[in-house]
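Everything below concerns the one structure shown next.
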Number of protein chains: 2
Amino acid sequence: MNIQFKKGVLEICVLSVLAHKDCYGYELVNEISKQIDISEGTIYPLLRRLKDEGYVTTYLQESVEGPPRKYYLLTESGRKEEHELKEEWMRFTTAVNALLVGKNDAAE
Amino acid sequence: MNIQFKKGVLEICVLSVLAHKDCYGYELVNEISKQIDISEGTIYPLLRRLKDEGYVTTYLQESVEGPPRKYYLLTESGRKEEHELKEEWMRFTTAVNALLVGKNDAAE
DNA sequence: AACATGTATCTTGTTATGCAAGATACTGTG
DNA sequence: CACAGTATCTTGCATAACAAGATACATGTT
């Protein structure tokens, strides 16, 4: 899978999954892996960034299957960001697809 | 415009435009700019890479409007790459969109 | 008890790519 | 002659994904 394609996109994916339900990091890897390859070395730094930027907050919850889980939940700002990023992604893919089919001429 | 989204994608855009017609660098910037912001500091290193990888070859052609133009044309290998990258891009966007609408569950 | 496996989090160093800013140079116009 | 438009190219910076490894808890196996 083309690593470069994922740049910036995994961020929307994480925000989008969190928009549906709170998740812990390991769970996010599993959820997103159903569609896109993603490694733990990617998700944890990304989650830290999202927290630093105020898009998510966290809470700890114990587990019977292993060490405690750190759940992430969207803030108000995170929901807004999720919405805006999604719109930008749609605009971007529309623009790229227009180029790929060769219909990018202005007026002819 | 989200810079990260473009990572790896501009390469397909260039290959795709070149699949329709030979272009020189400055012309590619203008063509692609109709849909996506792209700067000259991006296109020239990218074109060099494509040449190093054997996806394009070049020829010079004089111009009455300025300095000589360096035209790029796809090689056989370049056409193949263009096709494969495009397919990968389609698969990728399909996967991302599945995640964004929350329909990424296995069997329910 | 020792070990492996699955669960769970996190860090370090590497790699790739896009961009801003600038250098260079040719042509035609004021 | 200076300037704008055309055209190519380079340097240094920022960003984000990844591989590999460290840590630690719970359970099952030898």
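Everything numeric here is computed off the predicted structure, so don't read it as measured data. Within every chain, numbering begins at 1; the chains are lettered A, B, ... in the order of the sequence lines, protein sequences first and strands thereafter.
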Requested in this report: Among residues two or more places apart or on two chains, list those pairs meeting ring pair (Phe, Tyr, Trp, His ring centres under 6.0 Å) that have a residue in residues 62-86 of chain A.
Outcome: Tyr24(A)-Tyr71(A), Tyr59(A)-Tyr71(A)
Report task. Determine which pairs satisfy ring pair (Phe, Tyr, Trp, His ring centres under 6.0 Å) with at least one residue from residues 28-53 of chain A, sequence neighbours left out, and list them in order. Result -> none
At less than 4.0 Å, is any side-chain N or O atom of [X] found next to OP1 or OP2 of [N]? Yes or no.
X: Arg48(B); N: dT10(D); value: yes
X: Tyr24(B); N: dA7(D); value: yes
X: Arg69(B); N: dT8(D); value: no
X: Tyr44(B); N: dT8(D); value: yes

How long is the line joining [atom1] of [X] and [atom2] of [N], in whole Å?
X: Tyr59(B); N: dA7(D); atom1: OH; atom2: C1'; answer: 16 Å
X: Gln4(B); N: dA17(D); atom1: CD; atom2: C1'; answer: 10 Å
X: Leu60(B); N: dA7(D); atom1: CG; atom2: P; answer: 13 Å
X: Leu47(B); N: dT8(D); atom1: CG; atom2: P; answer: 9 Å
X: Glu27(A); N: dT9(C); atom1: CD; atom2: C1'; answer: 14 Å
X: Leu28(A); N: dC10(C); atom1: CG; atom2: P; answer: 12 Å
X: Leu50(A); N: dA17(D); atom1: CG; atom2: P; answer: 10 Å
X: Glu62(B); N: dT8(D); atom1: CD; atom2: C1'; answer: 15 Å

Query raised in the report: Does Lys86(A) reach the side chain of Leu15(A), with side-chain heavy atoms less than 4.5 Å apart?
Result: no
Could you give the side-chain donor-acceptor pairs of residues 93-101 of chain B under 3.5 Å, partners two or more places apart or in another chain?
| residue | atom | partner | partner atom | Å |
| --- | --- | --- | --- | --- |
| Thr93(B) | OG1 | Trp89(B) | O | 3.1 |
| Thr93(B) | OG1 | Met90(B) | O | 3.1 |
| Thr94(B) | OG1 | Met90(B) | O | 2.8 |
| Asn97(B) | OD1 | Trp89(A) | NE1 | 3.2 |
| Asn97(B) | ND2 | Thr93(B) | O | 3.1 |

**Report entry** salt bridge (charged side-chain N to carboxylate O under 4.0 Å, His left out) against Glu27(A), all qualifying residues, sequence neighbours excluded
**Finding:** Lys21(A)
Query - With sequence neighbours excluded, residues passing salt bridge (charged side-chain N to carboxylate O under 4.0 Å, His left out) with Glu11(B) - result: none
Report summary line: salt bridge (charged side-chain N to carboxylate O under 4.0 Å, His left out) pairs touching residues 63-80 of chain A, sequence neighbours excluded, are Glu65(A)-Arg69(A)
Side chains of residues 46-58 of chain A: which donor-acceptor pairs under 3.5 Å do they make with residues two or more places apart or in other chains?
| residue | atom | partner | partner atom | Å |
| --- | --- | --- | --- | --- |
| Lys51(A) | NZ | Thr58(A) | OG1 | 3.0 |
| Tyr55(A) | OH | Glu81(A) | OE1 | 3.4 |

**Report entry** Strand-adjacent residues in residues 6-16 of chain A, judged by heavy atoms under 4.0 Å from DNA chain D
**Finding:** Lys6(A), Lys7(A), Gly8(A), Leu10(A)
Protein-nucleic acid N or O pairs under 3.5 Å, nucleotides 22-29 of chain C:
| residue | atom | partner | partner atom | Å |
| --- | --- | --- | --- | --- |
| dT27(C) | O3' | Val64(B) | O | 3.3 |

Query raised in the report: Can any side-chain N or O of Lys6(B) pair as donor or acceptor with the backbone N or O of Ile38(B) at less than 3.5 Å?
Result: no
**Report entry** 5' priority, DNA chain D, between Arg49(A) and Tyr26(B) [closest heavy atom]
**Finding:** Tyr26(B)
Requested in this report: Using a 4.0 Å heavy-atom cut-off across all strands, classify Asn30(B) as base, sugar-phosphate, or nothing.
Outcome: nothing
